[in-house]
Amino acid sequence: MIGLEHYITVSSLLFAIGFFGVLLRKNTLVIYMCLELMLNAANLGLIAFSRYHGGMGGNLFVFFIITVAAAEVAVGLAIIVALFRKRQTVEVEELNALRN
Amino acid sequence: MGSELYAYGLLAFPLLSATFIAFFFRRSGAVASGISVGAAALILATALHIIFRLENFEYNVSWIEIANFNVEFGFLINDLTKLMLFVVAFVGFLVHVFSLGYMKDDPNKARFFGGLSIFMFSMLGLVLASSLVTLFIFWELVGFSSYMLIGYYLDKPSAAAASKKAFIVNRVGDFGFLIGIVMVFSAFGTLNLSELSHSEAATTTLIGLLLFCGTVGKSGQLPLHVWLPDAMEGPTPVSALIHAATMVAAGVFLLCRTGFLMTADALNVILWVGVATALVAGFTAIAQRDIKKILAYSTVSQLGYMVAAFGLGSLVALGNGDSHGDAIVTGGVAAAMFHLTTHAFFKALLFLGSGSIIHACHHEQDIFRMGGLAKKMPITFWTFTAGLLALIGTPFITAGFHSKDAILALAYEQNTLAFYCLVLGAILTAFYMVRLWKIAFLGSPKSENAEHASENGLVMTVPLILLAVGSILGGFVWFYPEALRPIIALGEELNHGDSHTTVMIYSIVAWVVGLGAAWVFYGAGAADDKLESVAKPLHAVLAEKFYFDRIYDWYVAKVQQRVAVAIHFTEQIALSVLIIRGMAGFAGLIGIGLRSLHVGSIHSYVYWFIGGLALFWALAVGLF
Amino acid sequence: MNDFASLVQYSIAAPLVIAFLTLFVRNWGRPAIQIVSVTGFALPLIFALFLWGLYDPSTPGGYAFVSKMDTGLSMIGVSLHLGLNGVSLPLFVMASVVGLAAGLYAAQSKAENVHRYLFCLLVMQSGLMGVFASIDIFFFYFFHELALIPTFVMVGVWGGRDRSYAAMKMTIYLTLGAMLSLVGLILIYVKSGAESFDLIELKAHLAAAPLADSIQNYAFGLLLFGFGILVSLWPLHTWAPLGYGAAPSSAAMLHAGVLKKFGLYGLIQVAIPLLPDGIGQWENWIVWLALGNVLVIGFVAMAQRDLKQMIGYSSVMHMGYAFLGIAAMSVLGVGGVVIMMVAHGLTVALLFLLSTMIHHRTQTFEMDEMGGLAKKAPVLSAFFVCAMMASIGLPGPGLANFWGELSIFLAVYDFRSGLIYAIVLGIVISAIYGLRAIAKVFFGEETDEFKESQKEVPVTDMTWAERVPALILIIALFFIGFFPKTVTNSLNDSLNSEPVYAQTEN
Amino acid sequence: MSPEFYQKIAETNQWGAIAPELALGILALSLLLLEIILPKVAHGAIPRIAILGQLAILVYAIANSCSGACVTGEAFGGMLFFDATGELFRVFFLGSSVFVSYLGMVSLEKKTLPQVEYYHILLVVTAALMLLAQANHFVMLFVALEAATVGFYILVSYFRHSVVSLEAGLKYLIMGALSSAILLFGIVLLYGAGSNPALEASSRDPLNFGNLEIFLAANSGDMLGLLGMLLVISGVAFKVGAFPFQIWIPDVYQGAPIPTTALLAIASKGAGFAMLLSLVQVFSPLSDWLVPLLSALAVLTILFGNFAALTQRNLKRVIGLSGVSHAGFLLIGVVAATKVEWATTAVMFYLFAYLLASIAVFAVFAHLEKEDDSEISLDDLGDLAKKNGFLGMALAIGIGSLAGIPPLAGFIGKMLIFVAALEAELYGLMAVAVVGAVVSIYYYFGILKSAFFEVWHFQDDDEDAPEEAEPGASLQFFGKVAILAAVAGTLILGFYQSPLSSWLSGG
Amino acid sequence: MTDIFFYIFSIAALAGAFGVVFSRNTVNGAMFLIGTFLSMASLFVLLEAYFLAVIQVLVYAGAVMVLFLFIIMLLDVKESAARKTSLYTWAASVIGFGILIVGVVAINSADSIREKAASLPEATGVSLKSFGYELFTTYLLPMQVTGFLLLIAMIGVIALSKKAKAD
């Protein structure tokens, strides 16, 4: 029987993999995708908890998270594009004009 | 009207004089000198009034009070005070008068007379003081005025050095004096002299010796005598007043005032310090060329006599001549004060005489460049000779003979070894003084300056004459008015003890030997020192003053200053460089380290986040 | 009695208000600035003298001219509680005297932007008046800082050689000291449970329920080292000579003369009465470090070539006496320290003032390059000799200093008799460096450097404008010396009512 | 669930209580409208209208909170909780946004960039922050936080012609999104723990702060709850700039346009502490873990901020790192607040003092007239006091207050934190705070030194140097008023704290 | 039956996630991400959150990922061969991942996850009506804020990308 813990395992693994991607990859776009993955992992967790523990709260929260994430993506991509226009790169290693 | 008003007046005249001069007459020397001499005259008059018209009295008014520490400003007038007061006022006045002539052409005369007034103020305060603290205050002030007057010739580096030396050496003495005061307060709970003398509490040898430290400094006792000869850098009247007659005697006066705080052990130390001083200074004087230096060493030597007298005598209590009973006048006190008084006369005379010579010889001070002055300056010559005779203790007719005999008599009774030493001192005195006399006055002039010397005016000669009278007659009790007589009489009485004749014979023999040896040895108006050619090594040691000054100079220049610089340097290195800069550098290094963490790459920053999560986790489960 | 409490407030507020007024009148020309600012310095003196006259010495231990005002920190028991007692009154008056002297001198200085300089100085003056009038220990600290901050600015902007480094070092040192003492004060507040920073309330509260020994230890340690830094306790002193060497004269006068006394005053009025058992653990520390002040710094002062630095070191050295007097914990010792604080404040201010005047004439502070000034400027040399003699405790000009030192010696002898040799040695040491300075600066022949500098700046004697501030200080010094009872009467009463000090009295 | 139930909930929607937020929203919208309506020449008036509008709201907010008739308690179905602290934060955020609007006016004027959008976003962000401070529910908290954060992403990279601004935006974006994700996952875990019906005191709505606190109190050993708390605190630590989530600060501060830097330094930090203050309350049952954690954070934050700032020469980086150390001090206050009730007041006082001081400092930076504002360094301050005394004075007082120098407000704030810390017996933190304060003197002093002390230059070096900018040339009326208000406030609060303190402690 | 679906979709989601992390080509990565999102939507269905599953597909797999792909195409970014991930990055990332896995284990070993109510509660995500009611009553304020959030996101994007003013 599949229980709550299974879903939570998947959810937390997704979160971890997303974080792993942020740690590993140097392409800004991929990093950004990994961040979306992390947000989604949270969604899965919320829905699973909501399903197994009862209550609407989790489901509603997911609704907000999806909305927020969409807005964030829009803004983030706009910034990446603007930066690409200036620097012709999306590699984080090369984006280090600000440093000591 | 209270008697204390006169005492206040005594302090007020010189103080007002000094204030007026300082504020209004700095540039008008004539007025300044007038004011100052006028003040001195008023002082003399007031002092005489106190001495003759007023009973002994004590007056105190509370000055400062913190917890149980209570100092009173006040006057303690007893026989001792009166005698000292007389000496100070009388000699002071004469020196003032003499200075009128001596300083006539000096452009900074006002400063000189202002300084003299301050000195008179301080010295009178010292004499009148009723408590140890007040005494100490004026004691320091006396030192200060002496400092100012020694350094009177501002642009002479030697004068600056001498004044500095005088002050600092005195402070070394005061170091002990002050600790002594502190201990006295701790032991007795009061610092008032008459209360102290009635106190039941026991004194200690340490207290006595610490108080004596003050005397060692001020009265030029071994090993702190080095400042006194140097102090001759000041104008000669100053030397006469301060460094011969009054201030340097203040140390002896202090001993006499606080005699009741001494113990037998302390007295023994005091005695031998005095004796040693008398001998060392006497020897040193033999090889000096500067007329004032010779007189200065002579002063040191005579002060040694007085101190030795005090050390000897207080073992013998000789009744209680004091109506207030607040100071136990002992034989030593009497002998010391007797000699102090006569010494004041003849030493002031000698200094003023030398001043007269120096003035006439256009500031020539080397005796080997004088010669033949007897004919050029007869009054000076005769008065100087009178003083000289008194100093060497010419039998029967001079004051010095009687007062010195009192000391010798005391020594004969108390301590044979000290007695012989003091006799040797007497021989030396006669020897070096006759040397001076013969070389400077007899023969023919050895220099341009001596050639053109001529007798000075009345303002300078009259004081000489008056002092000469004192020098001759001061040894006789009848010379003194009733009010001054008690202590002098006690001192003179010593001469009539059982061993009277023996002592007198020793004394006369010493005189004859000293005088004769010098007379034979030195030629009249010699141009150079015969001792130098006869006994070179001896002369070298003596001329170098037993290397005291060398040692002190070496200490100051090589030890003290180097230690100071070394400490300063070490401190700078340790504190400012190592610790402060070190800490700043350390912080800076941390700063640079932290700064380098900001590498600018998002990627590396992300690791901070995972690190942070790990850190949080570790903190939460208590790994740290 | 409390009718005149407002005068205390005015003497703090007047300089502060006038400080801003000075900025306001800057366009009206120099005389306007001078008149306005000098008024700001004169008013506190007038008020302080008036209060001094009105003060009733028999005010039983408590404070006179008390006023209390809430400024908005009542949640932590802070209120602006002002008043004066026998200990604070002399210092209050002294602060106003030194303030006027410094102000008079500053008003005629040729500093750039003199109105800002005077602004800083007036703010400082206000803080100084506040320090000694505060009963609330928070405001006591606060006013100290109010006075301290302008010092840094003045050193940094109008200072002499090395001003930047000196200002920085001074700031960091003194901030550390201030922080430590602040923590100490807060610790007392927190642990006392009195819910108040009010000294009187704290005292009453702690008398009934004293703090635990360990807390007293910590708090006293914090205060000791905090105050120690501010008072330049050895070896935490290195900021002082450097800072004073670089500071403009009026700032140095006020800081060395008055502000530095804050730490000692704090120990006397706050630390020891509130933490009577705390000092026990630290006694040896105080004694040894204070000996360091007297002996080590004494020698260091001898090695100085720079006149102002030497005065700075001498001031550090004298703090050693003060610490020892405090450690003696008796009415006599503490009373001596208060007198010495007053006297030393006047003296050191005078010395800094005169050394600046010397600098104007010689264009240098290097003593080796001076010499023979006495001939050119006899009045100046007389003043300086007088001041230096006062500083080394010579009775006469330094009678007040002498009273302080003597009382301290007496108290220290009762406290630890062996110490007496070491500290009295200080009077010899101070004489050595003091006279060395006089001889080098004024006596002897003119050095080549001095002759050289005279070609550019002809040497004149002190002008009247220079004499007035110096005279103010000297007169005050003489007054305290000759009439010490004006101070000691009230001092005795105040200190006797302090159980910590009174109990050790026999 | 019946419609009646929802009806009841709907009745808790007290729109009047969030009037300032609503007004800000409306103002933001009307700005966009004005840009369309007004002719192009009049567009310059829009920022002024924004400022005036905000001032009006500010006055309203102050008047409303001072009257004492504040609405208290939960509202909007438990989404918000009105209390005095929330009112204060409202004023805090409004104050900072008014000021940032002015800075925006100064900075944007010379750029060929869309202008009105800046104010629009700023106003919405401010409103979001105000709601954030009053949030009583994790959903509200998350949404408000994201609204603000997304706004910040835009504001940081607003100078899209400048590479550094965009780069700073990107850095902030990735760091911010990462921290949001972490925070979010923490909320998920808390939700999972709190909603479990098998556990005692569980609730159907565990994201409500009150419910969660009750749950945690009953299950303080729960692993999910603990992990959730850690992740949430991590997310908040990013906002306040606490170690080790402070690493982005210097870069982003340096790259962002000055108005945004000011907003980040003031409002964003304030928002972090607003969250932290309410979350500390929520997590109080877990304080065995939370207090050591926050204490350690405070220590590391103070040390890192101060020491890292020592060797910086870029002004914005210095201020950023000094802000880190201020966060450390505030954290001490927050820790103390777990034990001492009035410590919250101390934190608020500190924040307001920080606000006033920062206004003064940033106003000066904005008027240094440097072409590229990411490169203003200590050298650009040279002779400031001489060239423009007014700005020099403002800088001195602002920096002084930041350094905690008496008699300025910053000192009182620091002192209050110290008192609170000692009352809470946080001796170790206290020691670190003292070290930090002393170290901080060094670099603050460095700033003042370059502005005031180094007034002499070698003349011969200046031959080829370009014409030096005249600082303060663009100083406008609003700016003068803002600076004067900030300076006067800083000074007055140093001497006389009554106005603020009685208000803070709920007078 | 549902168990099998769970395993299929979970593994698909995780595999897709790894695909995003490891794919060298960004477009491939985006494709993997779409797969993950779709798998997750399926999991949502398994959890009876139908409405959210639909939104997930529409918003994420649809709008967001299309935007991503669009941008990837627009920028035409190629991961240059020279830019190999360094050993340090690998090591650090793997360590980081290890830490995260410890966290995952910790989460899943939490007792409270295993403690269950006696019976599975009724699924609440089913009713769109109650969803709506909640959204416009209890969650009305967050809803409004979200609206503003979208607004500023839109305006922000415009401000960041619109052509510079003529003047």
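Note on naming: letters A, B, ... go to the chains in the order of the sequence lines (proteins, then strands), and numbering restarts at 1 for each one. Bear in mind that the values here come from a model prediction, so they are computed numbers and not experimental data.
Interface residue L67(E): backbone and side-chain heavy atoms are both found under 4.5 Å from chain A. Contact annotation for F6(E): only side-chain heavy atoms (C-beta onward) come within less than 4.5 Å of a heavy atom of chain A. If you measure heavy-atom distances from A63(E) to chain A, you find no contacts under 4.5 Å at all. Only the side chain of V59(E) has a heavy atom closer than 4.5 Å to any heavy atom of chain A. With a threshold of 4.5 angstrom between heavy atoms, L46(A) does not approach chain E through any atom at all. With a threshold of 4.5 angstrom between heavy atoms, F22(E) approaches chain A through its backbone and through its side chain. Proximity to chain A (any heavy atom under 4.5 Å) is restricted, for Y60(E), to the side chain, taken from C-beta onward.
Between N40(A) and T36(E) the shortest side-chain heavy-atom distance does not fall below 4.5 Å. Side-chain contact between S12(A) and N108(E): present, with at least one pair of heavy atoms (C-beta onward) separated by less than 4.5 Å. By the 4.5 Å heavy-atom criterion applied to side chains, F97(E) and V21(E) are not counted as neighbours. Here the side chains of M33(A) and T26(E) are in contact, with some heavy-atom distance below 4.5 Å. You'll find the side chain of F131(E) reaches within 4.5 Å of the side chain of N59(A), heavy atoms only.
Comparing V145(E), V20(E), L46(E), V104(E) by how many heavy-atom pairs each has under 4.5 Å with chain A, the most go to V104(E). In terms of non-hydrogen atom pairs under 4.5 Å with chain A, the most contact-rich of L135(E), L160(E), V105(E), T138(E) is L135(E). Highest contact tally toward chain A, considering only I99(E), V64(E), L14(E), V94(E), is held by L14(E) [criterion: heavy-atom pairs under 4.5 Å]. Note on T146(E), L52(E), L150(E): by heavy-atom pairs under 4.5 Å with chain A, the leading option is L52(E). Ranked by heavy-atom pairs shorter than 4.5 Å toward chain A, the options I107(E), I101(E), I55(E), I152(E) are led by I55(E). Between chain E and the residues L24(A), L23(A), V75(A), the most heavy-atom pairs under 4.5 angstrom are made by L24(A). Among L44(A), L4(A), I31(A), V22(A), the residue with the largest count of heavy-atom pairs under 4.5 Å with chain E is L44(A). The most heavy-atom pairs under 4.5 Å with chain A, out of M154(E), M65(E), M143(E), come from M143(E).
Counting non-hydrogen atoms of neighbouring residues, nucleotides and ligands closer than 6.0 angstrom, the CZ atom of F70(E) reaches no more than 12 such neighbours.
Interatomic distance, SG of C34(A) versus CZ of R25(A), reported as 7.5 Å (0.5 Å rounding).
Of the options L83(A), I79(A), I80(A), a side-chain contact (heavy atoms from CB on, under 4.5 Å) to T28(A) is made by I80(A) and by none of the others.
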Is there a side chain to side chain contact (heavy atoms under 4.5 Å, CB included) between H6(A) and S10(E) once you walk through the steps? CA-CA 9 Å; H6(A) 295 88; S10(E) 325; over 6 Å; no
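The aromatic rings of F5(E) and F9(E) lie parallel to each other, their planes meeting at an angle below 30°, with 60° marking the opposite boundary.
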